[in-house]
Amino acid sequence: MVFTSYMEQALEEAHAAAKRGEVPVGAVIVSPEGEVVARAGNRTRELSDPTGHAEILAMRDACAALGSERLPGHDLYVTLEPCPMCASAISQVRIARVYYGAADPKSGGIAQGPRVFSHPQSHHVPEVYDGISGEESEAMLRAFFASKRS
């Protein structure tokens, strides 16, 4: 089986989020058949919704499209390590594999901080792959926050 990355589409969503003034994070949900089911970028400011993270929005759209509260066998590509809220939702939705770009030492919830999937309360533990297009994701985030500080 040949691995196909969908991170480029997640990066497109992150770029679009940055253009909207949102933190540039993008996410893509891919079916077991390799079809993109949903894609989203951060919209916390636009929606005035602290849960408007790219991962949450993509999972909501995918669940709605499939008429199910769970996405077994599906993959999530996201440009930044999911926060604890998103990691918990990923577990609840039963995502099979998480591929993320940049690590998030400040707010991450998978390899940093609370390491949500390591807790016995985690209902489901997906396979996790980090560093996919990590340099590009990190550069985009650095540029975004640098522009906010100047």
Side-chain angles (χ1 to χ4, degrees), residues 2-113 116-117 124 126-150:
V2 175
F3 172 72
T4 301
S5 175
Y6 294 81
M7 191 59 82
E8 190 59 40
Q9 291 180 49
L11 287 163
E12 289 171 8
E13 291 295 329
H15 283 292
K19 287 180 183 175
R20 293 190 301 271
E22 301 278 358
V23 175
V25 178
V28 174
I29 305 283
V30 179
S31 74
E33 296 76 34
E35 262 183 58
V36 173
V37 178
R39 39 188 294 170
N42 273 0
R43 291 184 182 274
T44 59
R45 290 175 182 228
E46 177 185 336
L47 300 174
S48 299
D49 179 0
T51 69
H53 292 199
E55 304 95 305
I56 299 289
L57 297 174
M59 287 187 288
R60 284 179 185 159
D61 289 350
C63 286
L66 298 171
S68 175
E69 76 281 8
R70 299 218 169 110
L71 300 169
H74 287 69
D75 295 341
L76 168 67
Y77 289 81
V78 61
T79 58
L80 180 65
E81 176 184 355
C83 72
M85 172 186 69
C86 292
S88 181
I90 289 164
S91 177
Q92 295 293 326
V93 113
R94 308 297 196 267
I95 291 287
R97 284 165 294 281
V98 175
Y99 300 90
Y100 70 85
D104 189 353
K106 181 181 172 201
S107 301
I110 294 178
Q112 318 287 327
V116 170
F117 301 142
H124 167 78
E127 295 174 33
V128 176
Y129 303 92
D130 63 355
I132 311 293
S133 299
E135 289 179 15
E136 187 173 349
S137 297
E138 289 171 20
M140 189 184 328
L141 287 159
R142 274 196 299 277
F144 175 81
F145 286 113
S147 75
K148 297 296 180 191
R149 291 185 196 107
S150 54

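Starting from 1, each residue takes its place in the sequence as its number.
Contact detail for Leu11 and Ser137: the closest heavy-atom pair is CD2-OG, 3.6 Å. Val23 approaches Ala17 most closely through the heavy-atom pair O-CB, 3.8 Å. When all heavy atoms are compared, the tightest approach of Ala87 to Pro82 is N-CB, 4.2 Å. For His74 against Pro32, the heavy-atom pair with the smallest separation is CE1-CD, 3.6 Å. The shortest heavy-atom contact between Ala40 and Ala58 is CB-N, 3.8 Å. Residues Glu81 and Ala111 share a closest heavy-atom pair of OE2-N, 2.7 Å.
A donor and an acceptor atom, one from each side chain of Arg94 and Ser68, are nowhere located under 3.5 Å apart. Inspection of the Ser133 and Glu8 side chains reveals no N or O donor paired with an N or O acceptor under 3.5 Å.
Between Met59 and Ile95, some side-chain heavy-atom pair lies under the 4.5 Å cut-off. Annotation: side chain of Glu12 is in contact with side chain of Arg39 (closest heavy-atom distance under 4.5 Å). The shortest side-chain heavy-atom distance between Leu71 and Cys63 falls under the 4.5 Å cut-off. Within the 4.5 Å cutoff, the side chain of Pro126 has no heavy atoms near those of the Arg97 side chain.
Within the model, atoms OG1 of Thr4 and OH of Tyr77 stand 7.5 Å from one another, a figure rounded to the nearest 0.5 Å. How far CD of Glu35 is from OH of Tyr6: 9.0 Å, rounded to the nearest 0.5 Å. Residue Leu76 holds its CG atom at 4.5 Å from CD1 of Ile29, rounded to the nearest 0.5 Å. Separation of atoms CD1 (Ile90) and CD1 (Ile110) is listed at 5.0 Å; rounding is to 0.5 Å. Interatomic distance, Met85 CE to Thr51 OG1, rounded to the nearest 0.5 Å: 5.5 Å. Between the CG atom of Leu57 and the CG atom of Leu47 there is a distance of 6.5 Å, given to the nearest 0.5 Å.
Between the side chain of Asn42 and the main chain of Pro24, no donor-acceptor pair closer than 3.5 Å is present. The backbone N or O of Ala54 sits nowhere less than 3.5 Å from a side-chain atom of Glu13 that would complete a donor-acceptor pair. Without hydrogens or angle criteria, Glu22 side chain to Arg45 main chain gives a donor-acceptor distance under 3.5 Å. A donor-acceptor distance shorter than 3.5 angstrom exists from the side chain of Ser91 to the backbone of His124, with no hydrogens or angles considered.
Residue Cys83 forms a side chain to side chain contact (heavy atoms under 4.5 Å, CB included) with just one option from His53, Gln112, Glu55, and that option is His53. Just one residue in the list Val78, Val25, Ile132 forms a side chain to side chain contact (heavy atoms under 4.5 Å, CB included) with Tyr100, and that residue is Val78.
In this structure, Phe3 has its ring center closer than 6.0 angstrom to the ring center of Tyr99.
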